[in-house]
Amino acid sequence: METNNPAPAPAPAHDAVDAITDQWAAVRPDLDTVPMAVFGRIYRLANAMRGRVDKAYAPYGMALGEFDVLATLRRSGEPYTLSPRELTATLMITTGGMTGRLDKLEKAGLLTRSPDPNDRRGLRVTLTEHGKELVDQAVGAGLGQQRAALESALTGEEAEQLAGLLRKLLATTV
């Protein structure tokens, strides 16, 4: 993140999650609602950002699910090829959900499926050059939305700190 951006907006004094935890405090003052406040904000933030990122991917003819498949292939490095099983494990979706995504992306010319030379029953999924170009453009658009959200509220140092804290929390809960 750039550090020469204007100062982020101050945090609101009270938000919708505070309203919920205040209600719990009124009826159950014995509860520690800090976990509810943390995860309530994470859930709301994830939902809000999903919508913003989906809008960023729309001009490229894809939603988040299709982007995830193309981005996983792109991140795998040359030759941008994985098995459907590897894709399914990475994206944590069902095989049926993966098949639907692959069908749509193959029909659009963004990837190809071919027999696996090392497994007669297996397939290999490969990103096409057009798919590579499209996902490279889309990732920039999605990151732009994410960067804008961070920069509207956090300094670069705060964003790095938040990323580290979330990494630490995630490592102990998954």
Side-chain angles (χ1 to χ4, degrees), residues 1-76 82 84-102 104-105 110 134-174:
M1 274 185 61
E2 294 180 12
T3 56
N4 60 355
N5 293 326
H14 206 76
D15 66 9
V17 175
D18 289 321
I20 293 167
T21 58
D22 289 350
Q23 289 171 328
W24 277 114
V27 298
R28 289 286 310 275
D30 58 307
L31 294 176
D32 172 12
T33 58
V34 170
M36 183 183 295
V38 169
F39 290 104
R41 288 186 178 97
I42 289 171
Y43 296 144
R44 287 170 182 254
L45 181 59
N47 285 335
M49 288 310 301
R50 178 179 300 272
R52 287 176 69 167
V53 170
D54 265 339
K55 286 180 184 173
Y57 296 151
Y60 303 98
M62 65 181 87
L64 183 59
E66 290 85 23
F67 171 83
D68 284 344
V69 172
L70 298 175
T72 300
L73 289 166
R74 177 67 169 106
R75 291 190 322 262
S76 72
L82 295 170
R85 182 174 297 181
E86 290 168 321
L87 283 166
T88 300
T90 300
L91 299 175
M92 299 182 297
I93 63 172
T94 65
T95 55
M98 179 58 69
T99 299
R101 288 183 190 175
L102 294 178
K104 179 178 179 182
L105 294 167
L110 303 176
L134 199 65
V135 75
D136 281 351
Q137 293 171 19
V139 72
L143 280 171
Q145 288 296 315
Q146 294 167 350
R147 183 176 296 105
L150 286 174
E151 290 175 350
S152 72
L154 304 175
T155 65
E157 184 177 314
E158 288 170 330
E160 291 286 338
Q161 182 181 16
L162 178 59
L165 291 170
L166 291 172
R167 179 187 309 107
K168 183 177 179 180
L169 181 61
L170 186 61
T172 62
T173 58
V174 177

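Along the sequence shown, the residues carry numbers beginning at 1.
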Engineer: Do Leu110 and Tyr60 have side chains that approach each other closer than 4.5 Å (heavy atoms only, starting at C-beta)?
Structural biologist: no
Engineer: How close do Thr94 and Gly97 get, counting heavy atoms only, and between which atoms?
Structural biologist: OG1-N, 3.0 Å
Engineer: Distance from Tyr57 atom OH to Leu134 atom CG, nearest 0.5 Å?
Structural biologist: 11.5 Å
Engineer: What are the two closest non-hydrogen atoms of Glu158 and Ala153, and how far apart are they?
Structural biologist: OE1-O, 4.1 Å
Engineer: Between the side chain of Asp54 and the main-chain N/O of Ala63, is any donor-acceptor distance below 3.5 Å?
Structural biologist: no
Engineer: When Met62 is tested against each of Val69, Leu105, Leu70 for side-chain contact (heavy atoms from CB on, under 4.5 Å), which residue passes?
Structural biologist: Leu70
Engineer: Checking Arg41 against Asp18 for the salt bridge (charged side-chain N to carboxylate O under 4.0 Å, His left out) test, could you report, in this order, the C-alpha distance in whole Å, the side-chain angles of both residues, the deciding distance, and whether it holds?
Structural biologist: CA-CA 10 Å; Arg41 288 186 178 97; Asp18 289 321; 2.8 Å; yes
Engineer: To the closest 0.5 Å, what do you measure between CZ (Phe67) and OG1 (Thr72)?
Structural biologist: 8.5 Å
Engineer: Distance from Ile42 atom CD1 to Leu170 atom CG, nearest 0.5 Å?
Structural biologist: 9.5 Å
Engineer: In the structure I gave you, are the side-chain heavy atoms of Met36 and Leu31 within less than 4.5 Å of one another anywhere?
Structural biologist: no
Engineer: May I ask you to test the Arg75-Val139 pair for a side-chain heavy-atom distance under 4.5 Å?
Structural biologist: no
Engineer: Return the minimal non-hydrogen interatomic distance between Glu86 and Leu82, and the atom names on each side.
Structural biologist: OE1-CA, 3.3 Å
Engineer: CG/Leu143 to CG/Leu150 distance, rounded to the nearest 0.5 angstrom?
Structural biologist: 10.0 Å
Engineer: To the nearest 0.5 Å, what is the distance between CZ on Arg167 and CG on Leu162?
Structural biologist: 10.5 Å
Engineer: Do other residues, nucleotides or ligands put more than 12 heavy atoms under 6.0 Å from Arg52 CZ?
Structural biologist: yes
Engineer: Nearest heavy-atom pair of Val17 and Ala37: which atoms, and what distance?
Structural biologist: CG1-CA, 3.6 Å
Engineer: Ile93 and Arg101: side chain to side chain contact (heavy atoms under 4.5 Å, CB included), yes or no, with the steps?
Structural biologist: CA-CA 10 Å; Ile93 63 172; Arg101 288 183 190 175; 3.5 Å; yes
Engineer: Say you draw a straight line from CZ of Arg50 to CG of Leu64; how long is it, rounded to the nearest 0.5 Å?
Structural biologist: 5.0 Å
Engineer: A side-chain contact here means heavy atoms from C-beta on lying under 4.5 Å apart; do Leu73 and Leu87 qualify?
Structural biologist: yes
Engineer: What I'd like to find out is whether the side chain of Asp22 reaches to under 4.5 Å of the side chain of His14, using heavy atoms alone.
Structural biologist: yes
Engineer: Shortest non-hydrogen contact from Met49 to Gln145?
Structural biologist: CE-O, 3.7 Å
